[in-house]
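What's counted below: heavy atoms across the whole structure, side chains too, no hydrogens, waters or symmetry copies.
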Amino acid sequence: MSLAARHLETNGIPTVICGSARDIVEQAAVPRFLFTDFPLGNPMGKPYNVDMQQAITTMAVDLLESAVHPRTTVQAPFSWGDHTWRDRYMRVDDSNRDALRRVGEERRERQARAKAEGRVRSA
């Protein structure tokens, strides 16, 4: 997404990236970045929290209008709630290892069946 934003900017189309992986996005040198300190995959806020999502969207549009310097980063003032999500996010330990292994095996089996049935395009 960051590289696409840079390409669009080069061709005169202004962009704002909303995201959570601050170090990665800033390294890609996007012109405008609204940082939300949320789990990956949730840059616009908590699911079903329409008020938060609308506020973040408004902040992104405001950033598009107000940024005067390249590589501008603004941090959204919202919190996911407690910060314990960081301790649990993508954690693999004895309590979930077997369940995660089963989910992965089931996904690989579904992919293999889809491929054998011709339902998956080759790259």
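For the atom pair OG (Ser95) and CG (Leu100), the distance works out to 8.5 Å, reported to the nearest 0.5 Å. Once rounded to the nearest 0.5 Å, the distance linking CZ of Phe33 with SG of Cys18 reads 8.5 Å. Atom CD of Glu109 sits about 12.5 Å away from atom CZ of Arg102, to the nearest 0.5 Å. In this structure, CD in Gln111 is found 4.5 Å from CZ in Arg107, a value given to the nearest 0.5 Å. With rounding to the nearest 0.5 Å, the separation of OG1 in Thr73 from CD in Glu26 is 3.5 Å.
Hydrophobic cluster membership is shared by Met1 and Val30, with clusters built from Ile, Leu, Val, Met, Phe, Trp and Tyr side chains linked at under 4.5 angstrom. Cluster annotation: Val74 and Val25 are assigned to distinct hydrophobic clusters (Ile/Leu/Val/Met/Phe/Trp/Tyr, side-chain heavy-atom contacts under 4.5 Å, transitive). Following chains of ILVMFWY side-chain contacts shorter than 4.5 Å, one can reach Leu34 starting from Phe78, so the two form part of one hydrophobic cluster. If you chain together hydrophobic residues whose side chains sit under 4.5 Å apart, Ile17 and Met44 never meet in one group. Cluster membership for Trp80 and Leu40, using ILVMFWY side-chain heavy atoms within less than 4.5 angstrom, is shared.
Gln53 places a side-chain N or O within 3.5 Å of a backbone atom of Lys46 that can act as its donor or acceptor partner. Judged by distance alone, the side chain of Ser20 and the main-chain N or O of Thr36 form a donor-acceptor pair under 3.5 Å.
Annotation for Leu63 and Arg32: closest pair O-CD, 3.6 Å, computed over non-hydrogen atoms. Closest of all the heavy-atom pairs between Ser79 and Met52 is O-CE, 3.9 Å.
The environment of Gln27 atom CD is sparse: at most 12 non-hydrogen atoms of other residues, nucleotides or ligands sit within 6.0 angstrom.
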Derivation of the side chain to side chain contact (heavy atoms under 4.5 Å, CB included) call for Asp62 and Met59: CA-CA 5 Å; Asp62 290 346; Met59 287 185 72; 5.5 Å; no
Check against side chain to side chain contact (heavy atoms under 4.5 Å, CB included), Ile56 and Phe38: CA-CA 12 Å; Ile56 291 171; Phe38 298 152; 3.8 Å; yes
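Within the 4.5 Å cutoff, the side chain of Leu3 has heavy atoms near those of the Arg6 side chain. Between Pro14 and Glu9 there is a side-chain heavy-atom pair separated by less than 4.5 Å.
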